[in-house]
Amino acid sequence: MKIATFNINGIKARLPALTDWLKESEPDVALLQEIKSVDEAFPREAIEDLGYTVETHGQKSFNGVAILSKLPLEDVTRGLPGDDSDEQARWIEATVIGDTQAVRVCGLYLPNGNPAPGPKYDYKLAWMDRLEARARDLLADEMPALMAGDYNIIPQAEDAAKPDQWVKDALFLPQSRAAFRRIVNLGFTEAFRARTLGGGHYSFWDYQAGAWERNNGIRIDHFLLTPACADLMADCWIESAVRGREKPSDHVPVWVRLDA
DNA sequence: ATGGCATGTAGGACATGA
């Protein structure tokens, strides 16, 4: 199965680009972030018409995540456990029934955290603590599992074209990167880095200052695979050409193919 | 050092993003 994560930066503004992409690239499963829509306003019919089951976890104006799947889904849950007072829609998970293997798939939109320090940064770090707890539980389960989405984390200097521009940013602060490493070091495989070494690979380019034309990007959209899931990985790549299309998102899709 | 651009909400600026 082919799974993509894609921060679409608003479903209302991105529906034509999204449906064109679905038709051409044909993911079995697409994990979307920043749908910026309540569930009732999400244009599910246009996507269902392409053969997808649509599961959303939206909110008004900001955030919001979704799972689109051509394969059967079971046990869909919404919201990251650990804080019942958290009203931000940043987490959705489901079991995807593959041809040979069921996989637990989690889609996430990790908080940006700027400005740091401050309450938004505190929220980011607290959210990452909850993510670590959920990650531990996924590792303890039998079923292969992955967590994919917009992590808003630049893991290493080589993951930014101009790392010096990010040294005081919540995406690159040592404390942010350490929290990400703590989760990876529980036993996850960061799928892209398991296959591709070195710099120059990005998943986000700002709309401003000609960032795409200058290839001034950062790599912040990631797949973390449990060991059982990493055993199934056949490939991982970034579909960077999508950034050069008409009316693009500022993120591009990142993919894994699993033998499942 | 700053803003640059885009989106949603709303019907004019403003909050948010990374």
Side-chain angles (χ1 to χ4, degrees), chain A residues 5-19 21 31-43 56-66 86-91 107-125 127-128 131 148-177 179-180 192 199-222 238 240 242-254:
Chain A
T5 176
F6 192 3
N7 180 324
I8 58 171
N9 190 19
I11 187 60
K12 296 177 186 70
R14 209 69 58 218
L15 186 60
L18 177 67
T19 52
W21 172 73
L31 305 172
L32 305 183
Q33 300 90 39
E34 284 207 88
I35 63 173
K36 296 185 175 179
S37 165
V38 294
D39 296 334
E40 307 78 60
F42 191 87
T56 60
H57 180 41
Q59 72 179 80
K60 188 175 179 179
S61 303
F62 304 117
N63 310 318
V65 289
D86 185 359
E87 295 184 346
Q88 300 191 28
R90 297 178 174 276
W91 180 269
L108 67 96
Y109 176 47
L110 205 148
N112 172 307
N114 282 304
K120 291 190 173 181
Y121 193 56
D122 295 340
Y123 175 69
K124 177 177 193 149
L125 295 177
W127 202 93
M128 293 185 81
L131 177 61
D150 178 356
Y151 279 74
N152 271 317
I153 293 284
I154 302 166
Q156 307 270 18
E158 67 185 4
D159 298 310
K162 300 185 178 181
D164 51 307
Q165 291 184 345
W166 298 94
V167 288
K168 292 183 176 173
D169 194 284
L171 280 62
F172 193 55
L173 283 175
Q175 205 175 350
S176 308
R177 297 161 57 201
F180 181 74
F192 186 77
H201 305 283
Y202 312 123
S203 65
F204 169 91
W205 295 260
D206 202 290
Y207 288 121
Q208 304 177 68
W212 167 248
E213 288 76 11
R214 298 163 192 263
N215 197 25
N216 181 14
I218 51 177
R219 194 175 68 88
I220 57 175
D221 299 271
H222 311 298
I238 301 174
S240 50
V242 169
R243 185 63 177 81
R245 295 186 182 181
E246 194 77 16
K247 203 169 163 57
S249 171
D250 41 7
H251 295 250
V252 297
V254 181

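Chain letters run A, B, ... following the sequence lines, proteins first, then strands; residues in each count from 1.
Of the listed residues (A:F192, A:F204, A:F180), just one forms a ring pair (Phe, Tyr, Trp, His ring centres under 6.0 Å) with A:H222, and that residue is A:F180. Applying the side-chain hydrogen bond (donor to acceptor under 3.5 Å, both in side chains) test between A:S203 and each of A:D250, A:D150, A:D221 identifies A:D221 as the sole match.
A:D250 comes within 4.0 angstrom of nothing in the nucleic acid, heavy atoms only. In this structure, A:D150 reaches the sugar-phosphate backbone alone: every heavy-atom distance under 4.0 Å involves primed, P, OP1 or OP2 atoms, never a base.
An OP1 or OP2 oxygen of B:dG17 is reached within less than 4.0 angstrom by no side-chain nitrogen or oxygen of A:H251. For the OP1/OP2 pair of B:dA18 and a distance below 4.0 Å, the side-chain nitrogens and oxygens of A:Y109 include at least one atom meeting the criterion.
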N/O to N/O distances under 3.5 Å, protein versus nucleotides 8-15 of chain B:
{"unit_1": "B:dG8", "atom_1": "OP1", "unit_2": "A:A13", "atom_2": "N", "d": "3.4"}

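Between the C1' atoms of B:dG17 and B:dG4, the separation comes to 14 Å (whole Å). A gap of 16 Å separates the C1' atoms of B:dT16 and B:dA10, to the nearest Å. B:dA15 and B:dG3 are spaced 14 Å apart, taking the P atom of each and rounding to whole Å. Atom name C1', nucleotides B:dC5 and B:dA18: the rounded distance is 12 Å, in whole Å. The separation of B:dA6 from B:dT2, taken at their P atoms, amounts to 22 Å, rounded to a whole angstrom.
Partners of A:K36 by side chain to side chain donor-acceptor pair (under 3.5 Å), not counting sequence neighbours, listed by chain and number: A:N9. Applying the side chain to side chain donor-acceptor pair (under 3.5 Å) rule to A:Y109 yields the partners A:E34; only residues at least two apart in sequence or on another chain are considered. Partners of A:R219 under the salt bridge (charged side-chain N to carboxylate O under 4.0 Å, His left out) rule, at least two apart in sequence or in another chain, are A:D159, A:E190. Taking A:Q208 as the reference, A:D206 meet the side chain to side chain donor-acceptor pair (under 3.5 Å) condition, with sequence neighbours excluded. For the side chain to side chain donor-acceptor pair (under 3.5 Å) test, no residue two or more places apart in sequence or in another chain qualifies with A:Q175.
If you find the closest nucleotide of DNA chain B to A:F204 and to A:K247, the one lying nearer the 5' end belongs to A:K247. Both A:Q208 and A:N112 lie near DNA chain B, and the one whose nearest nucleotide falls closer to the 5' end is A:Q208.
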